[in-house]
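To start, the structure under review is shown below, and the notes come after it.
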Amino acid sequence: MCGNNMSAPLPAIVPAARKATAAVIFLHGLGDTGHGWAEAFAGIRLPHVKYICPHAPTMPVSLNMRMSMPSWFDIYGLSPDADEDEAGIKRASENIKALIDQEVKNGIPSHRIILGGFSQGGALSLYTALTTQQKLAGVVALSCWLPLRNSFPQASANTANKDMQVLQCHGDSDPLVPFIFGSQTAAKMKDLINPDNMVFKSYRGLPHSACPEEMVDVKRFIEKQLPPISDE
């Protein structure tokens with residue numbers, strides 16, 4: 001592979017079984033790749049939806065003693081008052097907006113695209129949706145938080161997504177991103193978008209991972225927000 005160390009391999013993709021008229025772009029968590037999530041979505045796929053699971057670039061992560069691993073941006077700590085990698089978060093968000101633009105060029109309008117992610121990827125999906133002028137179908141935010149939360153509501157002043165639908169999910173036994181972060185994030189989101197469109201679901205006994213019940217909820221959310229359209 002040529003290019004700088006910010007290069008990342010092409011996304012893992014679950015193609016639509018017929019003509020793709022909608023897409024889900026889903027961002028993995030720290031140290032992971034898109035492959036596992038592509039497999040998960042293959043298990044709940046809808047025939048008219050394309051699922052795109054990009055891979056984060058590899059970079060040293062402060063939280064993990066500067067070890068290099070796939071990461072959307074640097075993480076200094078997981079406490080509410082930890083410093084945040086503002087430049088890295090904004091740069092990553094611009095890259096995700098470019099990915100959305102690419103799908104629009106491929107013929108899928110942004111309002112037929114759901115953005116989502118797990119943990120760090122979920123955090124980036126929330127931040128991107130709140131700061132983009134691309135109107136999205138919704139966001140699926142799993143086991144995550146809102147980055148740079150003190151920059152809001154100013155940071156979302158020009159967003160096209162004040163009325164977007166959000167499904168936020170969190171395990172109540174999460175030892176990495178504590179459940180209280182999730183519930184505080186949901187409360188903050190209700191201040192930033194139409195609160196009627198914000199759903200926060202908790203899963204009893206679930207640690208920092210996904211579970212079958214949660215994936216069924218994700219599938220239902222995608223079915224509702226990205227229904228088939230008549231010319232398929």
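Quantities reported herein were computed from a predicted structural model and do not represent experimental measurements.
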Are any non-hydrogen side-chain atoms of K201 and E213 less than 4.5 angstrom apart?
no
Looking at K190, I'd like to know if its NZ atom is crowded, meaning that more than 12 non-hydrogen atoms belonging to other residues, nucleotides or ligands lie closer than 6.0 Å.
no
Can you see which heavy atom on S62 is nearest to which on I75, and at what distance?
CB-O, 3.6 Å
All N/O donor-acceptor pairs, side-chain side in residues 144-160, below 3.5 Å, sequence neighbours left out:
unit_1 : atom_1 : unit_2 : atom_2 : d
R149   : NH1    : P80    : O      : 3.2
R149   : NH2    : P80    : O      : 2.8
S151   : OG     : L148   : O      : 2.6
S156   : OG     : P153   : O      : 3.1
T159   : OG1    : A129   : O      : 3.1
T159   : OG1    : L130   : O      : 3.4
T159   : OG1    : T132   : O      : 3.2
T159   : OG1    : N161   : N      : 3.1

For K188, does the NZ atom have more than 12 heavy-atom neighbours from other residues, nucleotides or ligands under 6.0 Å away?
yes
Is the shortest heavy-atom distance from the side chain of K50 to the side chain of E103 under 4.5 Å?
yes
Any salt bridge between K90 and E86, counting N to O under 4.0 Å?
yes
Remaining members of the apolar cluster that contains V216, side-chain heavy atoms under 4.5 Å:
none
Look at E223 together with R220 and state whether they make a salt bridge at an N to O cut-off of under 4.0 Å.
no
Members sharing F221's hydrophobic cluster, built from side-chain contacts under 4.5 Å between Ile, Leu, Val, Met, Phe, Trp and Tyr, are V14, V24, F26, W37, F41, I44, L46, V49, Y51, I114, F118, V140, L142, L167, V199, M215, V218, I222, L226
Under 4.5 Å side-chain linkage, directly or through intermediates, the cluster mates of Y203:
L206
How long is the gap from CH2 on W72 to CG on L27, to the nearest 0.5 Å?
5.0 Å
Taken to the nearest 0.5 Å, the spacing of D196 CG from N194 CG works out to 4.5 Å
Minimum heavy-atom distance between A42 and R45, given as atom pair plus value
O-CD, 3.4 Å
How many angstroms lie between atom CG of N197 and atom CE of M189, to the nearest 0.5 angstrom?
10.5 Å
For the hydrophobic clusters of this structure (ILVMFWY residues joined by side-chain heavy atoms under 4.5 Å, transitively), does one cluster hold both Y76 and F73?
no
Is it the case that over 12 heavy atoms from other parts of the model lie below 6.0 angstrom from the NZ atom of K224?
no
Say whether, by atom type as modelled, one donor and one acceptor occur between the side chain of Q120 and the main chain of S71 under 3.5 angstrom.
no
Step by step, work out the side-chain contact (heavy atoms from CB on, under 4.5 Å) result for Q225 and M164.
CA-CA 10 Å; Q225 305 312 325; M164 70 175 169; over 6 Å; no
Taking C-beta and beyond as the side chain, do H55 and H35 meet within less than 4.5 Å on heavy atoms?
yes
Is there a path of hydrophobic side-chain contacts, each under 4.5 Å between heavy atoms of I/L/V/M/F/W/Y residues, joining F181 to L63?
yes
Could you note down all residue pairs passing side chain to side chain donor-acceptor pair (under 3.5 Å) where residues 24-34 supplies at least one of them, sequence neighbours left out?
none
SB check R66 D74 (cutoff 4.0 Å):
yes
Within the side chain of T128, is there an N or O that forms a donor-acceptor pair under 3.5 Å with the backbone of S125?
no
Over all atoms of both residues, closest heavy-atom pair of Q134 and S110
C-OG, 4.1 Å
Compare every heavy atom of E214 with every heavy atom of A210, then report the nearest pair and how far apart it is.
CA-OE1, 2.9 Å
A side-chain contact here means heavy atoms from C-beta on lying under 4.5 Å apart; do C53 and P11 qualify?
no
Would you mind writing out the side-chain donor-acceptor pairs for residues 170-179 within the sub-3.5 Å range, not counting sequence neighbours?
unit_1 : atom_1 : unit_2 : atom_2 : d
H170   : NE2    : D174   : OD2    : 3.4
H170   : NE2    : V177   : O      : 2.7
D172   : OD1    : G205   : N      : 2.7
D174   : OD1    : L176   : N      : 2.8
D174   : OD1    : V177   : N      : 2.9
D174   : OD1    : H208   : ND1    : 3.2
D174   : OD2    : H208   : ND1    : 2.7

At what distance, to the nearest 0.5 angstrom, does NZ of K97 lie from CD1 of I100?
8.5 Å
